[in-house]
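The structure appears right after this line, and notes come after that.
Residue numbers begin at 1 in each chain, while the letters A, B, ... track the order of the sequences. Computation of the quantities below employed the complete heavy-atom set of this structure, encompassing side-chain atoms and omitting hydrogens, waters and symmetry-equivalent molecules.
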Amino acid sequence: MEEQVPSLGSGVESAVARAMARVLPEQAGADPLVRPSERADLQSNAALAAARTARTAPARLAGSLAEALREDRTAPIARVEVAGPGFLNVTLTDAALWHQVAARAADPRLGIGTPERGRRTVIDYSGPNIAKEMHVGHLRTTIIGDSLARILGFLGGEVVRQSHVGDWGTQFGMLIQYLDEHPDARWHQADLAADTDAVSALDQLYRAARALFEADADFADRARRRVVALQAGDPPTVATWRTIVAESETAFGRLYDRLGVLLTPADYAGESTYNDQLAGVAAELEAAGVARLSEGALCVFDPAFTGPDGAPVPLLVRKSDGGYGYDTTDLATIRHRLRDLRADRLLYVVDARQSLHFAQVFAAARAAGWLPDTVEAVHVAFGTVLGPDGRPFKTRSGGTVRLAELLDAAVTRARAVVAEKNPGLPAAELDRIAEQAGIGSVKYADLSTARIKDYAFDLDRMVSLSGNTGVYLQYAHARIRSLLRRAAEQGLAPDPAAVDGTVAPAGAERRLVLLLDRYAGALSDTVAGYEPHRLCGYLYSLAKAYTEFYETCPVLAAGTDAQRANRLVLSALAADTLRGGLDLLGIAAPDRL
RNA sequence: GCGCUCGUAGCUCAACGGAUAGAGCACUUGACUACGGAUCAAGAGGUUGCAGGUUCGAGUCCUGCCGAGCGCGCCA
């Protein structure tokens, strides 16, 4: 049943390639350079590119290619014209256009193939800190990483999610000691009210512990001893630590559920899971001659990375006190993901400010031989979320903005917008829609700008009903569902088998078909640069193209039965593509809004 | 000092090296007995920071400037 439907673009590519092979055999392997066109269904720029090496005038070569294409009976081409300096403007046959619509609509995957099949990608994202509330700084890694994981998985790839949870460090000695001395403190989820959670309680207790640590030297001593006990595996200390971790992970899970993020406890691979590998990592690097001792610390010096004094900046594999920092744990993740998880590709969805760190870590891992040239390791870097003042987003008092309250604010705003426009909604449905629209707004706003850039968090723009927003896409989808419901009331259902290839599509209809056929291309563009905003841009143009179609092409009141049958299938395919695309962004597509 | 990233319409942002640089917001004008007007159409708005270079063709690639942000030994 599931069947890949090659795009019309790829069909034209092969046709141009065949034409090239006939007209210019020595450049048979050249890129056909087939692109969407404003002046035709598709265009090929192959003649322009090939003319120089062929020592031919581009227009002349284009003419020869056009002639060859006209003789190609297997190509889905109705007309080829040479334009400008040598562009090939291609018009497709109506039958080919409708065939794509019917074939995609008939397939549960909309004819999208599985180009990622056989490739295993380990993707590192989210990575919240145990006993600390998730804040705005976790928003982008969580949302971008989850979307990439969904897309790679949909394209047939094997995806291993890894959340590098901050579950280890000296701060836990402080917290555990404080909890031990304050047995009355309530932080287990079972002891808390439903509207709060363990991680929120633990975060507050940690702040209290920190304050005490700085004010009370005796407590500080006891806290330090507790760190040693934790590292030594002291059973009661470890038991408390485990409970803290478990309670925190449960709380993260609740937030992930709300956000529509796929991470599960099985995906948590915290820093502590690498503890017993760190000495081995250091030893291997030293034995391989990649790392050497400097001022008591084991370091990797790479002349490619220099500091203010012009000397190489070290990667700290082992600190002079014998401890290990995040340089080492990140090196350990690479070794583990290659050796044990057998990754074919590594993605680290981490703040752009860590770019030097990852460049160093990747270089060291390559030098150590852990990371072969055949395996791509990518720092999927993203910019900072800014506040209205253009500075990193903080609360008015300068504190971090909790993710939960950010989402609450968006949902509240979305509820007001929906309630105003649709006053008749029952309260329960309003709640559900406000949640989906509000969460979707935040996620879409984050995903829809180029990830490397900073962006300003602006709720008013995010929940806007027009423009490139999540709500607009949700609305476009809901309106098509509404149309299909109305059709169903009249006993009309979209039937791909009933699509009539002899119907001449109207202009807006034709543009919509062509765009729908580019879905796979949009996904591969998105994966090529690990840039979800490309998928967003595609879906936005699709929503606009459907609206234009909707305005000018009556569906239920179409001129002929054949036209109506075709438009019903076209509408269903547009709705399914919007919903599928939104799902790959991790955004809900409700049937009503 | 060195390195990374960014600079596109008044604002927020797009644009696999392709033709006349596109959207949204805001602004102007027009269209509602309407398959959801929560919409659409049209108009106006640009020396793509500056200067060179590569190319048949540059917002895109290269070099140098200018401006902004970020980063650069034992925090993560």
Partner of B:C50 under the Watson-Crick or G-U wobble criteria, both distances under 3.5 Å, comes out as B:G64
- prompt: Has the side chain of A:S7 got a donor or acceptor atom that lies under 3.5 Å from a matching backbone atom of A:R518?
  reply: no
Which of A:L139, A:I452, A:V349 passes side-chain contact (heavy atoms from CB on, under 4.5 Å) with A:F382? It is A:V349
Problem - Presence of A:Y540 side-chain N/O under 4.0 Å of B:G22 phosphate oxygens OP1/OP2 - result: no
Hey, does A:I244 have a side-chain heavy atom less than 4.5 Å from the side chain of A:S248?
yes
- Item | Base of B:A19 and ring of A:F87 stacked, centres under 5.5 Å, planes under 30° | yes
query = With a 3.5 Å cut-off and just heavy-atom distances, do the side chain of A:E38 and the base of B:A19 make a donor-acceptor pair?
reply = no
If pairing means Watson-Crick or G-U wobble with both distances under 3.5 Å, then the partner of B:U20 is none
| Does any donor-acceptor pair link the side chain of A:E548 with the base of B:C40 at a separation under 3.5 Å? | no
Using Watson-Crick geometry (N1-N3 plus N6-O4 or O6-N4) or G-U wobble (N1-O2, O6-N3), each under 3.5 Å, B:A58 is paired with none
To the nearest angstrom, the NZ-P distance between A:K453 and B:G59 comes to 16 Å
| message | Considering every strand and a 4.0 Å limit on heavy-atom distances, what is the contact class for A:G537: base, sugar-phosphate, or nothing? | response | nothing
Between A:H533 and B:A15, does any side-chain N or O lie under 4.0 Å from OP1 or OP2? yes
Touch class at under 4.0 angstrom, heavy-atom based, for A:A478 against every strand present
base
Check every strand shown and say whether A:E271 touches a base, only sugar-phosphate, or nothing at a heavy-atom separation below 4.0 Å. sugar-phosphate
Quiz item: Is a donor-acceptor pair below 3.5 Å formed from side chain A:D454 to base B:A68, judging by atom type as modelled?
Solution: no
When both distances are under 3.5 Å in a Watson-Crick or G-U wobble arrangement, the nucleotide paired with B:U28 is B:A42
Within 6.0 Å of CZ in A:R60, more than 12 heavy atoms from elsewhere:
no
Scanning all shown strands, the Watson-Crick or wobble mate of B:G37 with both distances under 3.5 Å is none
Is any side-chain N or O of A:R534 closer than 4.0 Å to OP1 or OP2 of B:A15?
yes
Mate of B:G71 across any strand shown (Watson-Crick or G-U wobble, both atom pairs under 3.5 Å) is B:C2
